[in-house]
Number of protein chains: 2
Amino acid sequence: MFSKSCEYGLRAVIFIAEQSTLQTKVGLKTIASAINSPEAFTAKILQILTRNNIVTSIKGPYGGFMIEEYRLKEITLSEIVQILDGDKIYTGCGLGLKQCDDKSPCPLHFKFIEIRNNLKKMLEENTLHDILFTDTEKNVFWLKT
Amino acid sequence: MFSKSCEYGLRAVIFIAEQSTLQTKVGLKTIASAINSPEAFTAKILQILTRNNIVTSIKGPYGGFMIEEYRLKEITLSEIVQILDGDKIYTGCGLGLKQCDDKSPCPLHFKFIEIRNNLKKMLEENTLHDILFTDTEKNVFWLKT
DNA sequence: CTAATAAAGGATAAAAAGATCCTTTTATAT
DNA sequence: ATATAAAAGGATCTTTTTATCCTTTATTAG
Ligand code: FES
Ligand code: FES
């Protein structure tokens, strides 16, 4: 569904968000080890997310990554996916045709866009805050993998 | 959503199916040009689909690819996707974690599997026959891209 | 039987995605 | 000021995906 970059990115952001609610800034090593991702590659992804104002980075000793409290209710999963994977997933044809619209639908079009739009809706409707506080178990259990 | 192989594969199969309902066998060149895909690459994909009994191939002069009439109501989109892209799309975690089940859900799990299951359901419910004869316009208009 | 045609399959190449390494910049504590 | 810690960024490498080329195998018409 998502690229590896996007998967790591989402995991990293959720982890940083989690720690930010605890007023804790986290460094690259901590993040990579927590979400089980390659360190240098994760660094690249965090650079992109920093440039796009999803996370805030602080250089130097005692530096690290964090997300401002007020941003947690603004940032949606959709934005993160959009930044890392582009919007092919939101607008692209299921069969890979260049055009995808109701005027020139491929044989899968109407069935496919229903799924695609549900995905889009789900990602747009969920902010980081939602993800953190709708987690049924309310823990960091998922980090174990 | 799907890999390029899978996109070409689905397009090829739908095209062959369409032609098969007209009792027409089609060759590689015709297929690749109709669905706008690279010829040699399409050949590889058709080999896989032949090995997996989705399409029937006939070698030699007057040869080509076809799908038996009775198979049109048996073959689902799901099978084709499964053959070409595996089942990561049906069972994989949205965040790329190794395990995905209700017992150790990631923060996206319950929202994600809903989408994933809808996609799976849609692909499983639609046979080639369905795709060909539910096409609102009932033409090959979509081939133009 | 032979020539021609078309798919199968092996080998290779190109492009993209995933991943690593090393140097530079910025900030902090002492 | 200096040493140190951490992110930023450039260069490079690896793996996977996408794509091409060429040889082999099977089939058919004449
Ligand atoms: S045209 Fe193919 S999904 Fe819209
Ligand atoms: S565990 Fe992540 S989607 Fe199921």
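In what follows, chains carry the letters A, B, and so on, assigned in the order in which the sequence lines appear, proteins first and then strands, with residues in each chain numbered from 1. These figures come from a predicted structure and were not determined experimentally.
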Protein-nucleotide distance (A:Phe2, atom CZ; C:dG18, atom P), rounded to Å: 13 Å

- prompt: In whole angstroms, how far is the P atom of C:dA19 from the CG atom of A:Asn36?
  reply: 11 Å

message: Apply salt bridge (charged side-chain N to carboxylate O under 4.0 Å, His left out) to residues A:Glu7 and A:Lys4 and explain how you reach the verdict.
response: CA-CA 5 Å; A:Glu7 289 175 353; A:Lys4 233 81 189 51; 3.3 Å; yes

query: Should B:Glu74 and B:Arg71 count as an ion pair when the cut-off is N to O under 4.0 Å?
result: yes

task: Look up atom CD in B:Gln99 and atom SG in B:Cys93, then write down how far apart they are to the nearest 0.5 Å.
output: 10.0 Å

- line: Separation between CG (A:Leu95) and CD1 (B:Ile14), nearest 0.5 Å, reads 5.0 Å

task: Send over the distance from B:Lys88 NZ to C:dA17 P, rounded to a whole Å.
output: 14 Å

query: Within this structure, what is the NZ-to-C1' distance between B:Lys59 and D:dT25, rounded to whole angstrom?
result: 4 Å

query: Which of residues 39-50 of chain B have a heavy atom under 4.0 Å from DNA chain D?
result: B:Ala40, B:Phe41, B:Lys44

- request: Looking only at non-hydrogen atoms, find the nearest pair between A:Cys6 and A:Leu84 and report the distance.
  value: CA-CD1, 3.9 Å

Spacing between B:Ile58 atom CD1 and C:dA4 atom C1', to the nearest angstrom: 18 Å

message: With a cut-off of less than 4.0 Å, is there a side-chain N or O of B:Arg51 near OP1 or OP2 of C:dG9?
response: yes

message: From CG of B:Leu28 over to P of D:dC22, roughly how many Å is that when rounded to an integer?
response: 16 Å

field: Phosphate OP1/OP2 of C:dA19 contacted by A:Tyr8 side-chain N/O (<4.0 Å)
entry: yes

task: For B:Tyr62 and C:dA7, give me the distance from atom OH to atom P, rounded to whole Å.
output: 14 Å

- request: Answer yes or no: is there a donor N or O on one side and an acceptor on the other, between the side chain of B:Asp101 and the main chain of B:Lys103, under 3.5 Å?
  value: yes

message: Please determine whether a side-chain nitrogen or oxygen atom of A:Ser5 lies at a distance below 4.0 Å from atom OP1 or OP2 of C:dA17.
response: no

message: Distance check needed: C:dA27 P versus A:Phe65 CZ, whole Å only.
response: 14 Å

query: How long is the span from the CD1 atom in B:Ile115 to the CG atom in A:Leu123, to the nearest 0.5 Å?
result: 7.5 Å

